[in-house]
Amino acid sequence: SGQVHPAHIGGNMGKTALKVEDVSIRFNLSKEKVDNFKELIIKKIKGEKIRFNEFWALKNVSFRLNKGDRLGILGLNGAGKSTLLKVIAGVYKPTTGKVTRYGHIAPMIELGAGFDPNYTGRENIFLYGSVLGFSRSFLEEKYQEILDFSELGEFIDVPIKNYSSGMKARLGFSIATVVEPEILILDEVLSVGDAKFRKKCEKKMQRMFDHGVTVLFVSHSLAQVKRLCNKAILLEHGQLIAQGNIEDVSTVYEKMLDD
């Protein structure tokens, strides 16, 4: 079969920021574990099938984004949205296909997943910051800015295990966005905290957009996706079923929700 070219979601303007080519990912959810070699031989002799329960989370997904595109990733639960983000972020390796990123990528997939609960917020700024690749001197220089944005005040000296999930997300967001990456991955992260803080996060995102950051965005709120994105893809059971500008794709998605 001929080479499948990723549809160019962005027009032909501008530089490519991200290429996802024919990406598939398979997970083994093995039901009957064969514990040892002897058991395997017995099963083979008896002619029993050894079933590895294979599950394709993504199947032949291809698309390309230009610098400054803001892509909403739509789909019902279990469609493969978070898996796709994790493949793009480099957390998972695709079973087949390839992802090419141009520039520094900041994944905000699970905000604060790199936090140590026994350390204070202050200590975690340096810990999580180093996980994101920031130097200690840079973090010292930006410390006040991170603290101010997070609005945590004296809670910064309290161990993270005593934080609410909203507080953790605030701190995670504040650290992760202290530098503008070329590519930003947002997975449900703007749904945390109170409405006022969400607005503040959106404002910060908007500033990044104005500077031409490329964004991949997953949110349960279609209204939010429409507000923040110009392009979209729609996933169903790991397959890409629609792609293009946000209006067209969200229309397809809304029909799907009505069925």
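For clarity, every value in this text was computed on a predicted model and none was experimentally measured. Each residue takes its place number in the sequence, starting with 1. Computed over heavy atoms, backbone and side chain alike; hydrogens, waters and symmetry mates excluded.
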Query - Polar side chain donor-acceptor pair, Ser221 to Ser219, under 3.5 angstrom - result: no
Query raised in the report: Is the centre of the Phe197 ring less than 6.0 Å from the centre of the Phe149 ring?
Result: yes
Query raised in the report: Do Lys199 and Glu202 meet the salt-bridge criterion of a basic N to acidic O distance under 4.0 Å?
Result: no
Requested in this report: State whether Phe126 and Arg136 meet the cation-pi test: NZ (Lys) or CZ (Arg) under 6.0 Å from the six-membered ring centroid, and within 45° of the perpendicular axis.
Outcome: yes
Query raised in the report: Between Glu180 and Arg207, is the closest basic N to carboxylate O distance under 4.0 Å?
Result: no
Requested in this report: Let me see the working for Thr120 and Phe155 under side chain to side chain contact (heavy atoms under 4.5 Å, CB included), right down to the final yes or no.
Outcome: CA-CA 8 Å; Thr120 65; Phe155 280 105; over 6 Å; no
Query raised in the report: Does the cation-pi check pass for Arg70 over Phe217, that is, NZ or CZ under 6.0 Å from the six-membered ring centre and within 45° of its axis?
Result: no
Query raised in the report: Salt bridge between Glu182 and Arg101, side-chain N to carboxylate O under 4.0 Å?
Result: no
Query raised in the report: Do Ser24 and Lys59 have side-chain N/O donor and acceptor atoms under 3.5 Å apart?
Result: no
**Report entry** Spacing of CG belonging to Asn124 relative to CD1 belonging to Ile160, to within rounding of 0.5 Å
**Finding:** 4.0 Å
Query raised in the report: Hey, mind stepping through Ile88 and Ile105 against side chain to side chain contact (heavy atoms under 4.5 Å, CB included) and telling me if it holds?
Result: CA-CA 9 Å; Ile88 291 166; Ile105 191 163; 4.1 Å; yes
Query raised in the report: Stepwise, does the side chain to side chain contact (heavy atoms under 4.5 Å, CB included) test hold for Leu222 with Leu74?
Result: CA-CA 8 Å; Leu222 187 57; Leu74 302 173; 3.7 Å; yes
**Report entry** Evaluation steps, side chain to side chain contact (heavy atoms under 4.5 Å, CB included), between Ile73 and Leu216
**Finding:** CA-CA 7 Å; Ile73 300 170; Leu216 293 100; 4.1 Å; yes
**Report entry** Derivation of the ring pair (Phe, Tyr, Trp, His ring centres under 6.0 Å) call for Tyr119 and Tyr128
**Finding:** CA-CA 11 Å; Tyr119 287 118; Tyr128 188 47; over 10 Å; no
